[in-house]
Each structure stands twice: as C-alpha cells, then as structure tokens.
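Computation of the quantities below employed the complete heavy-atom set of this structure, encompassing side-chain atoms and omitting hydrogens, waters and symmetry-equivalent molecules.
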Amino acid sequence: MRFTAFLASLVFLVNVVVSAPAEDAPAEPEILVVASWPESNPFGHVVNGEKNLLLLNIENKSDKNVTLLSMAGSIHHAESNALIKNLTTAPYGITLIEGLKLQLPYTFYSEFKPGDLRLNIWMEHESEGEKYVVSAYDSIITIVEPELSIFDFKMITTYLMVLAIFGGIGYISYISFVPQSKKAKRADVSAPVGTVTATGAGGYQEEWIPDHHIRKSKKGGALSSGDELSGAETSGAEGKKRKAKK
C-alpha cells in the first residue's frame, strides 16, 4: 500500500512539473494569411525569366499587436517534396494591429525546367518576443517558358547587338588572315585625236595640215592621180620642145 501511495504521489509531481511551463507560455496569435495569383495570371503559371507576383491577404484575428518580420518561399519537387531552391526573402518590419486586414505583394524569379513543381510561401511574425511562422501557400505550380513575339523590342535589340558583334569579329578576322590579291596596274593608252583615215600613195591626212595650206590647195585645184607628174618628167618634156624649135 505504501509503495502504491508513493508511486501515485510521484506521478502527480511529474505532471505538475511538466504542465507548469505550458501554462506560463504565451499562446500563438491567430494570424490568417492567404496567397492568391493576380487576375492577369488566372492559371497560376510561373514564367521563367520574369517577375512572378503573388498577393498575400493578411488578417490579424488576435487581440494583440504583432510585427510582420518577413515573407519567404521555396521550390520543391512535386512528388518527393525534396528542396530544389530557396526563394528570395522579403523583409517588411511592419506592425499588424489588432483586427487589421491588408494585402501585400510577394515577387520571385524562376529559372527552372518547365514542368510541375511545388511552391511553398510562408510569413514570419513576432509577438511578445516570440517568433512564429505561418504558411501562406503550399501547392503545385506549373513552370512555363515566356511567349516569343517578333515584336519584342528587347529580343530584337539583343539579336541586332549579337549580329553586329559577330559581324565585326568576322570582318576583322577576314582582313587579318585572308591574303588580299594585288591588282596589276595598266598604263592608260591615249586615244588618237580625230579620225585616222588610211589613204593610198601620195595621200595625206587633213587633220595634221594647217588651215591656210588647205585653203590654198583648194583655190589652185587639186590634181588627180593620173595628172600628177614628177619633176623629172616635166623637165624632160620642156627640153624636147626647145630642141624642136631650134
């Protein structure tokens, strides 16, 4: 009997010691956080290379003022829930008074392989020196690539810059490593002034004779080739005439 009474007293003391700190610990404030996608993204697609936005609707349902410290997130495998990458932590440091409702944005960038992954977003707040973490979003998301457009100014500018760089490199390489062919210079042959006409024996070209000589020959008359006589034949005929007169 004595042993049973002693054992019962020991169990009672243990319960008192264990339950005492639990009664003294402050209760966690009731903070409600719900994350939603904006109207521009109704399907909740996460686009690679772009800023993705989530809207966090926060409500302080407790009777205490709490301090919103930060919001953060992480990406996990859809099936195994293994951690892939922690997302950016957004610090706030604002006070949530009793009964306050507000909406805050949370943005993050994605550089993952297209497919389904799990997104986890949480909020950390502080009350009476104690820190608490409240889950805001925990669901499967779809990673997609951005839509391509021929009118995308950034893409066109990037392509033009890349083409200009490669064109400059190619031109420098061409003039540096490809031998240039040397063209032989030919001396310019001056063409004759006027028309050159070929004539028979005793002919001449009027282009090379002064004008006053041409005018005299035209006044005296031009002899044909049959009437032209050499000086020796003329002197011989004149000598025969003189002997006949004697």
Side-chain angles (χ1 to χ4, degrees), residues 25-62 64-97 100-166 169:
E28 180 179 352
E30 185 180 1
I31 307 297
L32 180 63
V33 185
V34 178
S36 61
W37 298 99
E39 295 181 358
S40 59
N41 187 12
F43 300 103
H45 289 169
V46 176
V47 184
N48 281 332
E50 296 183 3
K51 183 184 292 186
N52 298 276
L53 174 65
L54 267 175
L55 300 176
L56 296 169
N57 299 290
I58 306 172
E59 181 180 1
N60 183 5
K61 289 189 173 184
S62 68
K64 301 177 181 178
N65 296 337
V66 300
T67 302
L68 174 59
L69 299 177
S70 63
M71 287 188 291
S74 58
I75 297 292
H76 303 258
H77 283 285
E79 298 178 357
S80 63
N81 202 31
L83 177 64
I84 297 177
K85 184 179 179 181
N86 288 320
L87 301 178
T88 304
T89 300
Y92 282 95
I94 60 176
T95 301
L96 304 177
I97 62 175
L100 178 66
K101 295 181 180 180
L102 78 161
Q103 186 181 79
L104 296 175
Y106 178 75
T107 58
F108 62 96
Y109 285 90
S110 171
E111 293 294 342
F112 304 102
K113 184 179 179 180
D116 293 338
L117 295 175
R118 179 176 292 277
L119 173 63
N120 187 9
I121 304 294
W122 64 87
M123 182 192 75
E124 184 179 10
H125 65 90
E126 182 180 11
S127 176
E128 298 180 353
E130 297 290 334
K131 293 183 179 180
Y132 305 93
V133 176
V134 180
S135 177
Y137 187 87
D138 187 8
S139 180
I140 302 297
I141 58 173
T142 302
I143 308 295
V144 297
E145 294 292 344
E147 296 181 358
L148 297 179
S149 174
I150 60 174
F151 300 103
D152 190 352
F153 178 75
K154 293 182 179 180
M155 184 180 68
I156 294 174
T157 305
T158 303
Y159 286 160
L160 290 177
M161 292 178 62
V162 172
L163 289 176
I165 292 174
F166 279 102
I169 295 175

Point to revise | Which atom of Gly73 lies closest to which atom of Ile121, heavy atoms considered | key: CA-CD1, 3.8 Å
Check your understanding: OG1/Thr95 to CG/Leu100 distance, rounded to the nearest 0.5 angstrom?
Key -> 10.0 Å
Check your understanding: By salt bridge (charged side-chain N to carboxylate O under 4.0 Å, His left out), which residues pair with Lys61, not counting sequence neighbours?
Key -> none
Practice item. Test Ile75 against every option in Asn120, Leu117, Ile143, Asn86 by the side chain to side chain contact (heavy atoms under 4.5 Å, CB included) rule and name the one that passes. Key: Leu117
Point to revise | Minimum heavy-atom distance Pro91-Ser70, with the two atoms named | key: CA-CB, 4.0 Å
**Study point:** Under the salt bridge (charged side-chain N to carboxylate O under 4.0 Å, His left out) test, residues paired with Lys101 that sit two or more places apart
**Key:** Glu59
Review point. CD of Glu39 to CG of Leu55: how many Å apart, nearest 0.5 Å?
Key: 9.5 Å
Check your understanding: If we only count heavy atoms from C-beta on, is the Thr142 to Phe43 side-chain gap below 4.5 Å?
Key -> no
Point to revise | Approximate separation, where rounding is to 0.5 Å, of Thr88 OG1 and Tyr106 OH | key: 5.5 Å
Check your understanding: So with a 6.0 Å cut-off around CD of Glu145, is the heavy-atom count from everything else above 12?
Key -> yes
Exercise for review: Kindly indicate whether the side chain of Val66, heavy atoms from C-beta on, has any atom under 4.5 Å from the side chain of Tyr132.
Suggested key: no
Check your understanding: Side-chain contact, heavy-atom cut-off 4.5 Å: Ser74 with Trp122?
Key -> yes
Check your understanding: Passes side-chain contact (heavy atoms from CB on, under 4.5 Å), Ser36 versus Leu54? Steps please.
Key -> CA-CA 6 Å; Ser36 61; Leu54 267 175; 5.9 Å; no
Check your understanding: Are the side chain of Asn60 and the backbone N or O of Ile58 linked by a donor-acceptor pair below 3.5 Å?
Key -> no
Exercise for review: Report yes if some heavy atom in the side chain of Val47 is under 4.5 Å from a heavy atom in the side chain of Tyr109; otherwise report no.
Suggested key: no
Exercise for review: Using only heavy-atom distances, determine whether the side chains of His125 and Ser127 contain a donor-acceptor pair under 3.5 Å.
Suggested key: no
**Study point:** Spacing of CD belonging to Glu128 relative to OG1 belonging to Thr67, to within rounding of 0.5 Å
**Key:** 11.0 Å
Review point. What is the distance from atom CG of Leu96 to atom NZ of Lys64, rounded to the nearest 0.5 Å?
Key: 14.5 Å
Review point. Heavy atoms, side chains only, cut-off 4.5 Å: are Leu69 and Tyr92 in contact?
Key: no
Review point. Under 6.0 Å from the CD atom of Gln103, do we count more than 12 heavy atoms belonging to anything else shown?
Key: yes
Point to revise | Beyond-backbone contact of Leu104 with Leu68, side-chain heavy atoms, under 4.5 angstrom | key: yes
Exercise for review: Would you check if Arg118 and His77 make a side-chain contact, meaning some heavy-atom pair closer than 4.5 Å?
Suggested key: no
Study note, to complete from the structure: CE (Met123) and CG (Leu32) are apart, to the nearest 0.5 Å, by 9.0 Å
Exercise for review: Might you point out which heavy atoms bring Lys51 and Thr107 nearest each other, and give the distance in Å?
Suggested key: CG-CB, 3.7 Å
**Study point:** Side chain to side chain, Leu87 and Leu119, heavy atoms closer than 4.5 Å
**Key:** yes
Point to revise | Glu111 side chain to Asn48 side chain, donor-acceptor N/O pair below 3.5 angstrom | key: no
